[in-house]
Amino acid sequence: MSKKRSTLDSRIEYFTDLVREGIDVTRGQIELFTPALDEPYRLDDATVNRAIEVYENQRADQVLFRNQADRWAGEAATAAGKAALTTYVAVLDELDRLTADVLGMCTTLSGQTIEKLMAKSDAEAGLEALMRLAPRRPDLITYRVR
């Protein structure tokens with residue numbers, strides 16, 4: 001019986017490490033996408049769509065990981081097993097939050113791709129560029145009152 005419990009503990013630890021790797025990769029993706037939020041039209045549709053596909057798949061996998069945690073909750077009898085499971089659920093929670101953050105970024109970025117810029121008229125693109133500059137350069141916008 002104790003061998004079964006130690007095997008369970010090692011499985012929980014293995015999956016915890018796997019989820020921690022996912023956290024590291026997802027944080028890296030957030031770091032890569034953050035500059036694109038400040039400077040629209042840096043990415044193309046294919047890049048954003050691929051990221052959406054990857055992180056939607058990751059979110060679906062997280063449901064499976066959470067289901068597994070629920071099964072393990074019924075099996076974990078030792079204090080070490082329960083502690084390992086608590087840690088596993090905590091890292092899953094963190095990955096859930098980060099995955100939602102990336103998907104939110106992708107939603108914003110999907111409206112700001114190179115292809116979206118190329119579909120705009122010159123006037124639309126120019127006006128948008130000026131409006132992005134306005135908060136940084138209020139001197140560019142002057143009002144005349146007559």
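The shown structure was predicted, so the numbers you read here are calculated from the model rather than taken from an experiment. Throughout, numbering of the chain's residues begins at 1 and tracks the sequence.
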**OP:** Answer yes if Val25 and Val19 sit in the same cluster of Ile, Leu, Val, Met, Phe, Trp and Tyr residues linked by side chain heavy atoms under 4.5 Å apart, and no otherwise.
**Re:** yes
Original post:
Would a distance-only check, ignoring hydrogens and angles, find a side-chain to backbone donor-acceptor pair under 3.5 Å from Lys116 to Ser110?
Top reply: yes
Subject >> ring-ring contact (aromatic ring centres under 6.0 Å, His included) partners of residues 71-129, not counting sequence neighbours, each pair once >> reply: Phe15-Trp72, Trp72-Tyr88
**OP:** Using the salt bridge (charged side-chain N to carboxylate O under 4.0 Å, His left out) rule, collect all pairs that involve residues 100-109, keeping only residues at least two apart or in two chains.
**Re:** Arg97-Asp101
Original post:
Between Gln29 and Val54, does a side chain to side chain contact (heavy atoms under 4.5 Å, CB included) hold up when you go through it step by step?
Top reply: CA-CA 11 Å; Gln29 191 65 58; Val54 166; over 6 Å; no
Original post:
Where is the tightest heavy-atom contact between Ala69 and Val89, given as atom of each residue plus distance?
Top reply: CB-CG2, 4.1 Å
Original post:
If you take all heavy atoms of Tyr41 and Ile114, which pair is closest and at what distance?
Top reply: O-CG1, 3.2 Å
Subject >> Side chain to side chain, Met118 and Glu115, heavy atoms closer than 4.5 Å >> reply: no
Subject >> Gap separating the CG atom of Asp38 from the CD atom of Gln112, nearest 0.5 angstrom >> reply: 9.5 Å
Original post:
Which pair of non-hydrogen atoms, one from Leu43 and one from Ala36, has the smallest distance, and what is that distance?
Top reply: CD1-CB, 3.9 Å
Original post:
Looking at Glu94, Arg59, Gln58, Glu56, which one forms a side chain to side chain donor-acceptor pair (under 3.5 Å) with Thr99?
Top reply: Gln58
Original post:
Between the main-chain N or O of Leu103 and the side-chain N or O of Thr107, is there a donor-acceptor pair closer than 3.5 Å?
Top reply: yes
Original post:
Any side-chain heavy atom of Gln62 sitting closer than 4.5 Å to one from Asp93?
Top reply: no
**OP:** Give a yes or no on whether Asn67 atom CG has more than 12 heavy-atom contacts from other residues, nucleotides or ligands under 6.0 Å away.
**Re:** yes
Subject >> Interatomic spacing from CG in Leu95 to CZ in Arg27 - rounded to 0.5 Å >> reply: 10.0 Å
Subject >> Thr87 and Glu13, any side-chain heavy atoms less than 4.5 Å apart >> reply: no
**OP:** Flag the pair Asp17 / Arg20 as yes when at least one side-chain heavy-atom distance between them is below 4.5 Å, and no otherwise.
**Re:** yes
**OP:** State the OG1-CG distance between Thr16 and Leu92, to the nearest 0.5 angstrom.
**Re:** 7.5 Å
Subject >> For the student: nearest non-hydrogen atoms of Thr7 and Ser10, plus distance >> reply: O-OG, 2.8 Å
Original post:
Does Leu37 belong to the same Ile/Leu/Val/Met/Phe/Trp/Tyr cluster as Leu32, with side-chain heavy atoms less than 4.5 Å apart forming each link?
Top reply: no
**OP:** Would you name the heavy atoms of Leu85 and Ala73 that are closest together and state the gap between them?
**Re:** CD2-CA, 3.3 Å
Subject >> Rounded distance (nearest 0.5 Å) linking atom OG1 of Thr34 with atom CD1 of Ile30 >> reply: 7.0 Å
Original post:
From Asp96 CG over to Ile23 CD1, what is the distance, rounded to the nearest 0.5 angstrom?
Top reply: 9.5 Å
Subject >> Heavy-atom closest contact (Cys106 atom, Ile52 atom, distance) >> reply: CB-CG1, 3.4 Å
**OP:** Begin with the C-alpha distance, continue with both residues' side-chain angles, and end with the deciding distance and a verdict on side chain to side chain contact (heavy atoms under 4.5 Å, CB included) for Gln68 and Leu64.
**Re:** CA-CA 6 Å; Gln68 186 61 53; Leu64 300 174; over 6 Å; no
